[in-house]
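Structure, as C-alpha coordinates:
Lettering follows sequence order; numbering is per chain, from 1.
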Number of protein chains: 2
Amino acid sequence: MPDTLTGRRRSLLHETRCQTCSLSSLCLPLALEVQDMDQFDAIIRRRAPLKKGETLFRQDSPFTSVFAVRSGSLKQVTTEGSGEDQLTNFYLPSELVGLDGIDEARYPGTVVALETTTVCEIPFDRLDSLSESLPELRTQLYRSMSKELRDDRRMMRLLSRKTADQRLASFFAGLSDRFRRRGYSPYSFRLSMSRADIGNYLGLAVETVSRILGRFQSQGLVAVSGREVHILDLEALTQVAEEEGAK
Amino acid sequence: MPDTLTGRRRSLLHETRCQTCSLSSLCLPLALEVQDMDQFDAIIRRRAPLKKGETLFRQDSPFTSVFAVRSGSLKQVTTEGSGEDQLTNFYLPSELVGLDGIDEARYPGTVVALETTTVCEIPFDRLDSLSESLPELRTQLYRSMSKELRDDRRMMRLLSRKTADQRLASFFAGLSDRFRRRGYSPYSFRLSMSRADIGNYLGLAVETVSRILGRFQSQGLVAVSGREVHILDLEALTQVAEEEGAK
DNA sequence: CGTCAGATTGACAGTGCTCAAGTCCAGTGG
DNA sequence: CCACTGGACTTGAGCACTGTCAATCTGACG
(Lines give C-alpha, C1' and ligand atoms only; values in the text may rest on other atoms or scores of the structure.)
Protein backbone atom coordinates (compact mmCIF):
# COMPACT_ATOMS: atom_id res chain seq x y z
CA MET A 1 0.00 0.00 0.00
CA PRO A 2 2.35 2.69 -1.26
CA ASP A 3 2.06 6.32 -2.11
CA THR A 4 -1.36 6.28 -3.69
CA LEU A 5 -2.66 5.92 -0.21
CA THR A 6 -1.14 9.18 0.93
CA GLY A 7 -3.75 11.27 -0.76
CA ARG A 8 -6.60 9.30 0.67
CA ARG A 9 -4.86 9.15 3.99
CA ARG A 10 -4.58 12.88 4.08
CA SER A 11 -8.20 13.44 3.26
CA LEU A 12 -9.16 10.94 5.90
CA LEU A 13 -6.93 12.78 8.27
CA HIS A 14 -8.64 15.96 7.36
CA GLU A 15 -12.04 14.52 8.03
CA THR A 16 -10.94 13.41 11.39
CA ARG A 17 -9.11 16.45 12.64
CA CYS A 18 -9.98 17.40 16.18
CA GLN A 19 -11.11 20.81 15.05
CA THR A 20 -13.83 19.34 12.91
CA CYS A 21 -14.67 16.55 15.31
CA SER A 22 -18.11 16.80 16.83
CA LEU A 23 -16.74 15.45 20.07
CA SER A 24 -14.09 18.10 20.57
CA SER A 25 -16.08 19.74 23.32
CA LEU A 26 -16.15 16.50 25.30
CA CYS A 27 -12.80 15.04 24.43
CA LEU A 28 -9.29 15.54 25.68
CA PRO A 29 -8.44 18.72 23.72
CA LEU A 30 -11.58 20.40 24.96
CA ALA A 31 -9.83 23.33 26.53
CA LEU A 32 -7.23 23.96 23.85
CA GLU A 33 -6.87 27.00 21.65
CA VAL A 34 -6.93 26.49 17.92
CA GLN A 35 -3.18 26.53 17.44
CA ASP A 36 -2.64 24.22 20.39
CA MET A 37 -5.21 21.86 19.05
CA ASP A 38 -3.16 21.56 15.90
CA GLN A 39 -0.19 20.43 17.95
CA PHE A 40 -2.32 17.91 19.69
CA ASP A 41 -3.84 16.79 16.45
CA ALA A 42 -0.39 16.13 15.07
CA ILE A 43 0.43 13.39 17.54
CA ILE A 44 -2.79 11.47 16.99
CA ARG A 45 -2.77 8.33 14.94
CA ARG A 46 -5.92 7.47 13.08
CA ARG A 47 -6.90 3.88 12.97
CA ALA A 48 -8.92 1.71 10.70
CA PRO A 49 -12.33 1.12 12.26
CA LEU A 50 -12.63 -1.91 14.45
CA LYS A 51 -15.34 -4.35 13.57
CA LYS A 52 -17.61 -5.88 16.13
CA GLY A 53 -15.68 -8.29 18.32
CA GLU A 54 -12.24 -7.07 17.28
CA THR A 55 -9.84 -6.21 20.06
CA LEU A 56 -8.18 -2.84 20.46
CA PHE A 57 -5.51 -4.25 22.74
CA ARG A 58 -5.05 -7.28 24.93
CA GLN A 59 -4.51 -7.61 28.62
CA ASP A 60 -0.84 -7.48 29.64
CA SER A 61 0.37 -6.21 26.30
CA PRO A 62 2.74 -3.25 26.61
CA PHE A 63 1.12 0.09 27.27
CA THR A 64 1.93 2.55 24.52
CA SER A 65 -1.10 4.71 23.90
CA VAL A 66 -4.37 5.86 25.23
CA PHE A 67 -7.32 5.90 22.87
CA ALA A 68 -10.21 8.27 22.46
CA VAL A 69 -13.42 6.73 21.18
CA ARG A 70 -14.75 8.53 18.11
CA SER A 71 -17.75 6.37 17.36
CA GLY A 72 -19.12 3.03 18.42
CA SER A 73 -18.43 1.47 21.78
CA LEU A 74 -16.09 -0.91 23.55
CA LYS A 75 -15.87 -3.03 26.64
CA GLN A 76 -12.91 -3.68 28.89
CA VAL A 77 -12.54 -7.17 30.30
CA THR A 78 -10.04 -8.26 32.92
CA THR A 79 -9.12 -11.88 33.52
CA GLU A 80 -7.46 -12.48 36.81
CA GLY A 81 -5.93 -15.65 38.11
CA SER A 82 -8.20 -18.61 38.03
CA GLY A 83 -11.32 -16.54 38.28
CA GLU A 84 -13.92 -15.60 35.80
CA ASP A 85 -13.63 -12.53 33.60
CA GLN A 86 -14.74 -9.24 34.95
CA LEU A 87 -16.14 -6.59 32.65
CA THR A 88 -14.86 -3.39 34.18
CA ASN A 89 -16.04 -0.72 31.81
CA PHE A 90 -18.02 0.28 28.76
CA TYR A 91 -16.56 3.10 26.69
CA LEU A 92 -18.64 5.49 24.60
CA PRO A 93 -17.56 8.22 22.17
CA SER A 94 -15.27 10.91 23.62
CA GLU A 95 -14.17 8.65 26.45
CA LEU A 96 -10.54 7.77 27.04
CA VAL A 97 -9.45 4.15 27.05
CA GLY A 98 -6.29 2.76 28.57
CA LEU A 99 -5.46 5.25 31.31
CA ASP A 100 -5.23 2.46 33.84
CA GLY A 101 -2.26 1.03 31.99
CA ILE A 102 0.15 3.87 32.71
CA ASP A 103 1.30 2.65 36.06
CA GLU A 104 2.43 -0.85 35.22
CA ALA A 105 3.25 -0.10 31.59
CA ARG A 106 0.85 -2.78 30.44
CA TYR A 107 -2.86 -2.78 29.82
CA PRO A 108 -4.74 -4.31 32.73
CA GLY A 109 -7.53 -5.62 30.55
CA THR A 110 -8.52 -6.55 27.03
CA VAL A 111 -10.61 -3.99 25.19
CA VAL A 112 -13.03 -5.24 22.55
CA ALA A 113 -15.34 -3.40 20.16
CA LEU A 114 -19.02 -4.03 20.75
CA GLU A 115 -19.91 -2.73 17.30
CA THR A 116 -18.09 -1.02 14.48
CA THR A 117 -15.93 1.45 16.31
CA THR A 118 -13.39 4.11 15.45
CA VAL A 119 -10.80 5.40 17.86
CA CYS A 120 -8.03 7.98 17.87
CA GLU A 121 -4.76 6.56 19.10
CA ILE A 122 -2.72 8.93 21.25
CA PRO A 123 0.82 7.71 21.95
CA PHE A 124 1.31 8.31 25.62
CA ASP A 125 4.92 9.43 25.59
CA ARG A 126 4.05 12.17 23.12
CA LEU A 127 0.95 13.09 25.05
CA ASP A 128 3.04 13.36 28.17
CA SER A 129 5.64 15.64 26.57
CA LEU A 130 2.96 17.75 24.98
CA SER A 131 1.27 18.09 28.33
CA GLU A 132 4.46 19.80 29.50
CA SER A 133 3.95 22.76 27.23
CA LEU A 134 0.17 22.79 27.19
CA PRO A 135 -1.12 23.26 30.71
CA GLU A 136 -4.72 23.00 29.56
CA LEU A 137 -4.04 19.61 28.09
CA ARG A 138 -2.34 18.50 31.27
CA THR A 139 -5.25 19.71 33.33
CA GLN A 140 -7.66 17.90 31.10
CA LEU A 141 -5.70 14.72 31.43
CA TYR A 142 -5.68 14.99 35.21
CA ARG A 143 -9.38 15.67 35.10
CA SER A 144 -10.13 12.70 32.89
CA MET A 145 -8.34 10.39 35.25
CA SER A 146 -9.92 11.99 38.26
CA LYS A 147 -13.36 11.61 36.73
CA GLU A 148 -12.74 7.98 36.08
CA LEU A 149 -11.76 7.58 39.72
CA ARG A 150 -15.01 9.17 40.80
CA ASP A 151 -17.00 6.98 38.46
CA ASP A 152 -15.26 3.95 39.86
CA ARG A 153 -16.26 4.93 43.37
CA ARG A 154 -19.84 5.25 42.23
CA MET A 155 -19.60 1.82 40.71
CA MET A 156 -18.26 0.38 43.95
CA ARG A 157 -21.22 1.82 45.77
CA LEU A 158 -23.52 0.28 43.21
CA LEU A 159 -21.90 -3.10 43.57
CA SER A 160 -21.78 -3.15 47.31
CA ARG A 161 -24.99 -1.47 48.39
CA LYS A 162 -27.56 -1.75 45.63
CA THR A 163 -30.11 -4.42 44.84
CA ALA A 164 -30.36 -5.93 41.40
CA ASP A 165 -33.27 -3.61 40.58
CA GLN A 166 -31.31 -0.57 41.63
CA ARG A 167 -28.29 -1.67 39.66
CA LEU A 168 -30.21 -2.04 36.45
CA ALA A 169 -32.10 1.19 36.97
CA SER A 170 -28.80 2.97 37.60
CA PHE A 171 -27.30 1.39 34.54
CA PHE A 172 -30.09 2.54 32.25
CA ALA A 173 -30.31 5.98 33.81
CA GLY A 174 -26.55 6.29 33.44
CA LEU A 175 -26.59 5.23 29.81
CA SER A 176 -29.43 7.63 29.13
CA ASP A 177 -27.42 10.44 30.63
CA ARG A 178 -24.31 9.57 28.70
CA PHE A 179 -26.26 9.54 25.45
CA ARG A 180 -27.88 12.85 26.26
CA ARG A 181 -24.53 14.48 26.92
CA ARG A 182 -23.36 13.30 23.53
CA GLY A 183 -26.34 14.75 21.76
CA TYR A 184 -28.30 11.57 21.27
CA SER A 185 -31.78 10.88 22.51
CA PRO A 186 -31.77 10.00 26.19
CA TYR A 187 -35.01 8.10 25.77
CA SER A 188 -34.36 5.87 22.85
CA PHE A 189 -31.22 3.96 22.07
CA ARG A 190 -29.78 0.66 21.07
CA LEU A 191 -27.68 -1.39 23.46
CA SER A 192 -24.42 -2.44 21.89
CA MET A 193 -23.77 -4.94 24.66
CA SER A 194 -25.37 -8.30 25.35
CA ARG A 195 -27.34 -9.18 28.46
CA ALA A 196 -24.37 -11.26 29.52
CA ASP A 197 -22.14 -8.19 29.31
CA ILE A 198 -24.59 -6.15 31.35
CA GLY A 199 -24.83 -8.88 33.94
CA ASN A 200 -21.11 -9.30 34.18
CA TYR A 201 -20.60 -5.55 34.54
CA LEU A 202 -23.27 -5.16 37.19
CA GLY A 203 -22.38 -8.29 39.11
CA LEU A 204 -25.62 -10.10 38.27
CA ALA A 205 -26.55 -13.34 36.56
CA VAL A 206 -27.89 -13.02 33.02
CA GLU A 207 -31.18 -14.48 34.18
CA THR A 208 -31.56 -11.78 36.78
CA VAL A 209 -30.95 -9.08 34.20
CA SER A 210 -33.57 -10.59 31.96
CA ARG A 211 -36.15 -10.98 34.71
CA ILE A 212 -35.77 -7.48 36.03
CA LEU A 213 -35.91 -5.97 32.58
CA GLY A 214 -39.19 -7.81 32.15
CA ARG A 215 -40.44 -6.41 35.42
CA PHE A 216 -39.40 -2.86 34.50
CA GLN A 217 -41.29 -3.32 31.28
CA SER A 218 -44.46 -4.47 32.97
CA GLN A 219 -44.14 -1.54 35.36
CA GLY A 220 -44.07 0.84 32.44
CA LEU A 221 -40.58 2.13 33.16
CA VAL A 222 -39.04 1.05 29.89
CA ALA A 223 -39.93 -0.72 26.68
CA VAL A 224 -37.29 -3.19 25.67
CA SER A 225 -37.24 -5.23 22.54
CA GLY A 226 -34.04 -7.13 22.11
CA ARG A 227 -31.38 -4.47 22.25
CA GLU A 228 -33.71 -1.62 21.40
CA VAL A 229 -34.51 0.42 24.48
CA HIS A 230 -37.11 3.10 25.07
CA ILE A 231 -37.11 4.79 28.40
CA LEU A 232 -40.69 5.60 29.24
CA ASP A 233 -40.35 7.05 32.70
CA LEU A 234 -36.88 8.31 33.38
CA GLU A 235 -37.90 9.96 36.61
CA ALA A 236 -39.31 6.78 38.06
CA LEU A 237 -36.26 4.90 36.87
CA THR A 238 -33.94 7.34 38.60
CA GLN A 239 -36.05 6.99 41.69
CA VAL A 240 -35.72 3.22 41.67
CA ALA A 241 -31.97 3.63 41.22
CA GLU A 242 -31.69 5.75 44.36
CA GLU A 243 -34.42 4.16 46.43
CA GLU A 244 -34.06 4.16 50.16
CA GLY A 245 -33.90 0.85 51.97
CA ALA A 246 -31.47 -1.06 49.82
CA LYS A 247 -31.10 -4.79 50.10
CA MET B 1 1.69 31.62 68.94
CA PRO B 2 4.26 34.08 67.66
CA ASP B 3 7.87 33.89 66.71
CA THR B 4 8.98 31.40 69.28
CA LEU B 5 7.19 28.88 67.15
CA THR B 6 9.30 29.61 64.14
CA GLY B 7 12.27 27.80 65.54
CA ARG B 8 10.27 24.77 66.42
CA ARG B 9 8.40 25.02 63.18
CA ARG B 10 11.61 24.96 61.28
CA SER B 11 12.96 22.01 63.12
CA LEU B 12 9.69 20.23 62.56
CA LEU B 13 9.99 21.11 58.92
CA HIS B 14 13.43 19.73 58.90
CA GLU B 15 12.34 16.50 60.45
CA THR B 16 9.69 16.13 57.84
CA ARG B 17 11.61 16.96 54.73
CA CYS B 18 11.07 14.54 51.91
CA GLN B 19 14.76 13.76 51.77
CA THR B 20 14.76 12.41 55.26
CA CYS B 21 11.34 10.81 55.03
CA SER B 22 11.40 7.07 55.22
CA LEU B 23 8.59 6.93 52.71
CA SER B 24 10.35 8.87 49.98
CA SER B 25 10.88 5.73 47.96
CA LEU B 26 7.15 5.03 47.88
CA CYS B 27 5.75 8.51 47.79
CA LEU B 28 5.16 11.03 45.04
CA PRO B 29 8.73 12.40 44.78
CA LEU B 30 10.14 8.92 44.43
CA ALA B 31 11.82 9.56 41.12
CA LEU B 32 13.18 13.01 41.81
CA GLU B 33 16.80 14.10 42.00
CA VAL B 34 17.96 15.75 45.17
CA GLN B 35 17.67 19.30 43.89
CA ASP B 36 14.28 18.64 42.39
CA MET B 37 13.11 17.14 45.61
CA ASP B 38 13.93 20.40 47.32
CA GLN B 39 11.62 22.20 44.94
CA PHE B 40 8.92 19.72 45.62
CA ASP B 41 9.53 19.93 49.31
CA ALA B 42 9.07 23.66 49.19
CA ILE B 43 5.43 23.50 48.14
CA ILE B 44 4.41 21.05 50.83
CA ARG B 45 2.49 22.26 53.84
CA ARG B 46 2.99 20.36 57.04
CA ARG B 47 -0.03 19.82 59.14
CA ALA B 48 -0.70 19.22 62.77
CA PRO B 49 -1.42 15.52 63.29
CA LEU B 50 -5.04 14.50 63.06
CA LYS B 51 -6.44 12.68 66.02
CA LYS B 52 -8.57 9.62 65.67
CA GLY B 53 -11.93 10.53 64.24
CA GLU B 54 -10.91 13.97 63.02
CA THR B 55 -11.67 14.79 59.43
CA LEU B 56 -9.07 15.84 56.89
CA PHE B 57 -11.70 17.30 54.57
CA ARG B 58 -15.41 16.97 54.04
CA GLN B 59 -17.37 15.79 51.07
CA ASP B 60 -18.23 18.58 48.62
CA SER B 61 -15.81 21.07 50.13
CA PRO B 62 -13.63 22.81 47.53
CA PHE B 63 -10.73 20.81 46.24
CA THR B 64 -7.46 22.57 46.91
CA SER B 65 -4.84 20.00 47.75
CA VAL B 66 -3.94 16.39 47.62
CA PHE B 67 -2.47 14.82 50.71
CA ALA B 68 0.23 12.25 51.22
CA VAL B 69 -0.15 10.09 54.30
CA ARG B 70 2.98 10.14 56.46
CA SER B 71 1.81 7.99 59.32
CA GLY B 72 -1.44 6.55 60.58
CA SER B 73 -4.40 5.77 58.35
CA LEU B 74 -7.61 7.25 57.02
CA LYS B 75 -10.87 6.23 55.47
CA GLN B 76 -12.84 7.91 52.73
CA VAL B 77 -16.61 7.88 53.04
CA THR B 78 -19.06 9.00 50.40
CA THR B 79 -22.67 9.84 51.15
CA GLU B 80 -24.87 9.89 48.12
CA GLY B 81 -28.47 10.93 47.85
CA SER B 82 -30.77 9.19 50.24
CA GLY B 83 -28.57 6.15 50.47
CA GLU B 84 -26.30 4.87 53.13
CA ASP B 85 -22.66 5.85 53.36
CA GLN B 86 -20.16 3.98 51.31
CA LEU B 87 -16.60 3.56 52.50
CA THR B 88 -14.60 3.77 49.30
CA ASN B 89 -11.02 3.57 50.48
CA PHE B 90 -8.55 3.11 53.27
CA TYR B 91 -5.32 5.10 53.00
CA LEU B 92 -2.00 4.00 54.44
CA PRO B 93 1.35 5.83 54.65
CA SER B 94 2.79 7.00 51.31
CA GLU B 95 -0.60 6.90 49.63
CA LEU B 96 -2.15 9.93 48.00
CA VAL B 97 -5.54 11.18 49.17
CA GLY B 98 -7.87 13.43 47.23
CA LEU B 99 -6.97 12.73 43.61
CA ASP B 100 -10.58 12.01 42.79
CA GLY B 101 -11.47 15.62 43.60
CA ILE B 102 -9.60 17.20 40.70
CA ASP B 103 -12.30 16.80 38.13
CA GLU B 104 -15.21 18.46 39.88
CA ALA B 105 -13.06 20.76 41.99
CA ARG B 106 -14.61 19.36 45.14
CA TYR B 107 -13.83 16.35 47.24
CA PRO B 108 -16.19 13.48 46.48
CA GLY B 109 -16.02 12.09 49.98
CA THR B 110 -15.20 12.87 53.56
CA VAL B 111 -11.83 11.63 54.76
CA VAL B 112 -11.45 10.76 58.43
CA ALA B 113 -8.44 9.65 60.46
CA LEU B 114 -8.74 6.14 61.88
CA GLU B 115 -5.97 6.80 64.39
CA THR B 116 -3.47 9.58 65.04
CA THR B 117 -2.38 10.47 61.56
CA THR B 118 0.01 12.90 59.94
CA VAL B 119 -0.25 14.03 56.36
CA CYS B 120 1.65 16.27 53.98
CA GLU B 121 -0.59 18.75 52.24
CA ILE B 122 0.30 19.40 48.62
CA PRO B 123 -1.60 22.32 47.09
CA PHE B 124 -2.71 21.07 43.74
CA ASP B 125 -2.19 24.20 41.70
CA ARG B 126 1.42 24.32 42.78
CA LEU B 127 1.85 20.63 42.20
CA ASP B 128 0.43 21.07 38.73
CA SER B 129 2.81 23.91 37.84
CA LEU B 130 5.75 22.06 39.29
CA SER B 131 4.81 19.03 37.26
CA GLU B 132 5.39 21.19 34.20
CA SER B 133 9.09 21.54 34.86
CA LEU B 134 9.66 18.18 36.51
CA PRO B 135 8.74 15.41 34.11
CA GLU B 136 9.49 12.75 36.69
CA LEU B 137 7.01 14.29 39.05
CA ARG B 138 4.40 14.46 36.34
CA THR B 139 4.98 10.86 35.43
CA GLN B 140 4.70 9.84 39.04
CA LEU B 141 1.42 11.70 39.36
CA TYR B 142 0.02 10.01 36.29
CA ARG B 143 1.20 6.72 37.66
CA SER B 144 -0.37 7.26 41.05
CA MET B 145 -3.72 7.97 39.48
CA SER B 146 -3.37 5.09 37.10
CA LYS B 147 -2.56 2.75 39.96
CA GLU B 148 -5.60 3.89 41.82
CA LEU B 149 -7.67 3.14 38.74
CA ARG B 150 -6.26 -0.35 38.59
CA ASP B 151 -6.92 -0.90 42.26
CA ASP B 152 -10.48 0.27 41.77
CA ARG B 153 -11.00 -2.26 39.02
CA ARG B 154 -9.72 -4.98 41.31
CA MET B 155 -12.13 -3.80 43.94
CA MET B 156 -15.01 -3.95 41.49
CA ARG B 157 -14.12 -7.50 40.69
CA LEU B 158 -14.05 -8.28 44.38
CA LEU B 159 -17.45 -6.75 44.92
CA SER B 160 -19.15 -8.30 41.95
CA ARG B 161 -17.68 -11.78 41.75
CA LYS B 162 -16.36 -12.80 45.14
CA THR B 163 -18.06 -14.48 48.06
CA ALA B 164 -17.87 -13.08 51.56
CA ASP B 165 -15.03 -15.47 52.40
CA GLN B 166 -13.05 -14.45 49.37
CA ARG B 167 -13.59 -10.78 50.10
CA LEU B 168 -12.25 -11.03 53.59
CA ALA B 169 -9.35 -13.20 52.55
CA SER B 170 -8.48 -10.67 49.83
CA PHE B 171 -8.77 -7.85 52.29
CA PHE B 172 -6.36 -9.40 54.74
CA ALA B 173 -3.94 -10.57 52.10
CA GLY B 174 -4.03 -7.07 50.61
CA LEU B 175 -3.38 -5.41 53.94
CA SER B 176 -0.56 -7.82 54.62
CA ASP B 177 1.01 -6.93 51.31
CA ARG B 178 0.65 -3.21 51.86
CA PHE B 179 2.31 -3.51 55.25
CA ARG B 180 5.12 -5.58 53.84
CA ARG B 181 5.83 -3.03 51.14
CA ARG B 182 6.09 -0.38 53.81
CA GLY B 183 8.58 -2.36 55.82
CA TYR B 184 6.23 -3.62 58.49
CA SER B 185 5.54 -7.21 59.33
CA PRO B 186 3.16 -8.78 56.85
CA TYR B 187 2.10 -11.31 59.46
CA SER B 188 1.30 -9.25 62.43
CA PHE B 189 -0.48 -5.94 62.53
CA ARG B 190 -3.18 -3.94 64.16
CA LEU B 191 -6.35 -2.99 62.32
CA SER B 192 -7.07 0.67 62.61
CA MET B 193 -10.59 0.24 61.31
CA SER B 194 -13.65 -1.23 62.98
CA ARG B 195 -15.52 -4.31 61.82
CA ALA B 196 -18.24 -1.99 60.63
CA ASP B 197 -15.73 -0.14 58.45
CA ILE B 198 -14.47 -3.39 56.99
CA GLY B 199 -18.00 -4.57 56.31
CA ASN B 200 -18.98 -1.31 54.70
CA TYR B 201 -15.87 -1.33 52.53
CA LEU B 202 -16.32 -4.94 51.42
CA GLY B 203 -20.07 -4.73 50.95
CA LEU B 204 -20.83 -7.10 53.83
CA ALA B 205 -22.84 -6.91 57.04
CA VAL B 206 -20.83 -6.55 60.24
CA GLU B 207 -22.18 -9.87 61.41
CA THR B 208 -20.87 -11.59 58.32
CA VAL B 209 -17.43 -10.11 58.85
CA SER B 210 -17.45 -11.32 62.41
CA ARG B 211 -18.63 -14.82 61.55
CA ILE B 212 -16.15 -15.34 58.77
CA LEU B 213 -13.28 -14.05 60.87
CA GLY B 214 -14.28 -16.61 63.44
CA ARG B 215 -14.26 -19.31 60.82
CA PHE B 216 -10.85 -18.26 59.48
CA GLN B 217 -9.61 -18.45 63.01
CA SER B 218 -10.91 -21.96 63.59
CA GLN B 219 -9.39 -22.97 60.27
CA GLY B 220 -6.02 -21.77 61.46
CA LEU B 221 -5.67 -19.11 58.79
CA VAL B 222 -5.42 -16.18 61.15
CA ALA B 223 -5.47 -15.38 64.84
CA VAL B 224 -7.61 -12.38 65.58
CA SER B 225 -8.04 -10.77 68.93
CA GLY B 226 -9.99 -7.58 68.72
CA ARG B 227 -8.06 -5.50 66.25
CA GLU B 228 -4.82 -7.42 66.65
CA VAL B 229 -4.23 -9.67 63.68
CA HIS B 230 -1.75 -12.47 63.16
CA ILE B 231 -1.70 -14.10 59.78
CA LEU B 232 -0.85 -17.74 60.34
CA ASP B 233 -1.11 -19.11 56.83
CA LEU B 234 -0.75 -16.41 54.22
CA GLU B 235 -0.57 -18.90 51.39
CA ALA B 236 -3.84 -20.55 52.30
CA LEU B 237 -5.42 -17.16 52.77
CA THR B 238 -4.33 -16.05 49.31
CA GLN B 239 -5.69 -19.28 47.96
CA VAL B 240 -9.08 -18.69 49.53
CA ALA B 241 -9.04 -15.19 48.08
CA GLU B 242 -8.57 -16.50 44.56
CA GLU B 243 -10.50 -19.73 44.84
CA GLU B 244 -12.16 -21.08 41.77
CA GLY B 245 -15.89 -21.47 41.75
CA ALA B 246 -16.99 -18.17 43.20
CA LYS B 247 -20.51 -17.70 44.44
C1' DC C 1 -17.58 -0.67 88.96
C1' DG C 2 -20.91 0.99 85.62
C1' DT C 3 -21.52 2.33 80.98
C1' DC C 4 -21.63 2.10 76.21
C1' DA C 5 -19.92 1.25 71.76
C1' DG C 6 -18.13 -2.41 69.34
C1' DA C 7 -18.05 -7.31 68.56
C1' DT C 8 -19.93 -11.95 68.63
C1' DT C 9 -23.41 -15.47 68.17
C1' DG C 10 -27.96 -17.39 66.86
C1' DA C 11 -32.36 -17.86 64.22
C1' DC C 12 -34.66 -16.88 60.23
C1' DA C 13 -35.92 -15.19 55.77
C1' DG C 14 -35.16 -13.00 51.26
C1' DT C 15 -32.62 -11.89 47.19
C1' DG C 16 -30.47 -13.52 43.55
C1' DC C 17 -27.73 -17.72 41.82
C1' DT C 18 -27.86 -22.27 39.69
C1' DC C 19 -29.69 -25.56 36.87
C1' DA C 20 -32.87 -26.68 33.30
C1' DA C 21 -36.14 -25.89 29.51
C1' DG C 22 -37.86 -23.50 26.18
C1' DT C 23 -38.23 -19.38 22.82
C1' DC C 24 -36.59 -15.94 19.72
C1' DC C 25 -33.65 -14.20 16.23
C1' DA C 26 -29.94 -13.52 12.83
C1' DG C 27 -27.08 -15.49 9.76
C1' DT C 28 -26.22 -19.45 6.61
C1' DG C 29 -26.77 -22.57 3.06
C1' DG C 30 -29.73 -25.11 0.17
C1' DC D 1 -37.26 -17.82 -0.35
C1' DC D 2 -37.21 -20.84 3.36
C1' DA D 3 -35.68 -24.19 6.53
C1' DC D 4 -31.76 -24.79 9.61
C1' DT D 5 -28.74 -23.90 13.19
C1' DG D 6 -26.47 -21.81 16.95
C1' DG D 7 -26.29 -18.22 20.04
C1' DA D 8 -28.75 -14.95 22.75
C1' DC D 9 -32.53 -14.33 25.51
C1' DT D 10 -36.51 -15.58 28.53
C1' DT D 11 -38.92 -18.19 31.93
C1' DG D 12 -39.45 -21.45 35.81
C1' DA D 13 -38.25 -23.99 40.21
C1' DG D 14 -35.37 -24.73 44.10
C1' DC D 15 -31.92 -23.47 47.26
C1' DA D 16 -27.78 -21.23 49.33
C1' DC D 17 -25.51 -17.27 50.87
C1' DT D 18 -25.74 -13.56 53.36
C1' DG D 19 -28.65 -9.80 55.35
C1' DT D 20 -31.77 -8.60 59.15
C1' DC D 21 -33.25 -8.68 63.72
C1' DA D 22 -32.28 -9.72 68.39
C1' DA D 23 -29.76 -11.01 72.33
C1' DT D 24 -25.49 -11.41 74.58
C1' DC D 25 -20.66 -10.57 75.38
C1' DT D 26 -16.36 -7.96 75.70
C1' DG D 27 -13.35 -4.37 76.65
C1' DA D 28 -12.06 0.43 77.03
C1' DC D 29 -12.78 4.29 79.73
C1' DG D 30 -14.56 7.34 83.03
What integer distance in Å separates E84(B):CD from dG19(D):P?
-> 11 Å
V77(A): side chain to side chain contact (heavy atoms under 4.5 Å, CB included) partners, not counting sequence neighbours = K75(A), D85(A), L87(A)
Would a line drawn from the ring center of Y184(A) to the ring center of F189(A) be shorter than 6.0 Å?
-> no
Starting at atom CG of L168(B), determine the distance to atom P of dG19(D), rounded to an integer number of angstrom.
-> 10 Å
Listed pairs under 3.5 Å, donor-acceptor, residues 223-233 of chain A side chains, sequence neighbours left out:
from, atom 1, to, atom 2, distance (Å)
R227(A), NH1, S192(A), O, 3.4
E228(A), OE1, R190(A), NE, 3.4
H230(A), ND1, S188(A), OG, 2.9
D233(A), OD1, E235(A), N, 3.4
D233(A), OD1, A236(A), N, 3.0

d(CD, E228(B); P, dT26(D)) in whole Å = 19 Å
Do NZ/NE/NH1/NH2 and the carboxylate oxygens of R153(B) and E80(A) come within less than 4.0 Å?
-> no
Look at R182(A) together with E95(A) and state whether they make a salt bridge at an N to O cut-off of under 4.0 Å.
-> yes
Base-contact (B) and sugar-phosphate-only (S) positions in nucleotides 8-16 of chain D, heavy-atom cut-off under 4.0 Å, - elsewhere = -SBBBB---
Atom pair CE (M145(A)) and OG (S144(B)), whose distance is rounded to the nearest 0.5 Å = 9.0 Å
Between the two end axes of the helix from dC1(C)-dG30(D) to dG30(C)-dC1(D), each built from 5 base pairs, what angle do you get to the nearest 10°?
-> 40°
Taking atom P of dG6(C) as reference, at what distance in whole Å does atom CG of N200(B) sit?
-> 13 Å
Which side-chain N or O atoms in residues 49-60 of chain B pair as donor and acceptor under 3.5 Å with protein atoms at least two apart or in another chain?
from, atom 1, to, atom 2, distance (Å)
E54(B), OE1, K51(B), N, 2.8
Q59(B), OE1, T79(B), N, 2.9
Q59(B), NE2, T79(B), O, 2.9

Between L221(B) and V240(B), is any pair of side-chain heavy atoms under 4.5 Å apart?
-> yes
Nearest-Å distance for atom pair CG/P, residues L191(B) and dG6(C) = 15 Å
In whole angstroms, how far is the P atom of dT15(C) from the CG atom of L202(A)?
-> 19 Å
Integer-rounded Å distance: dT18(D) C1' and R161(B) CZ | 18 Å
From CZ of R215(B) across to C1' of dC17(D) the rounded distance in Å is 10 Å
Those residues at least two apart in sequence (or on a different chain) that pass side chain to side chain donor-acceptor pair (under 3.5 Å) with T88(A) are Q76(A)
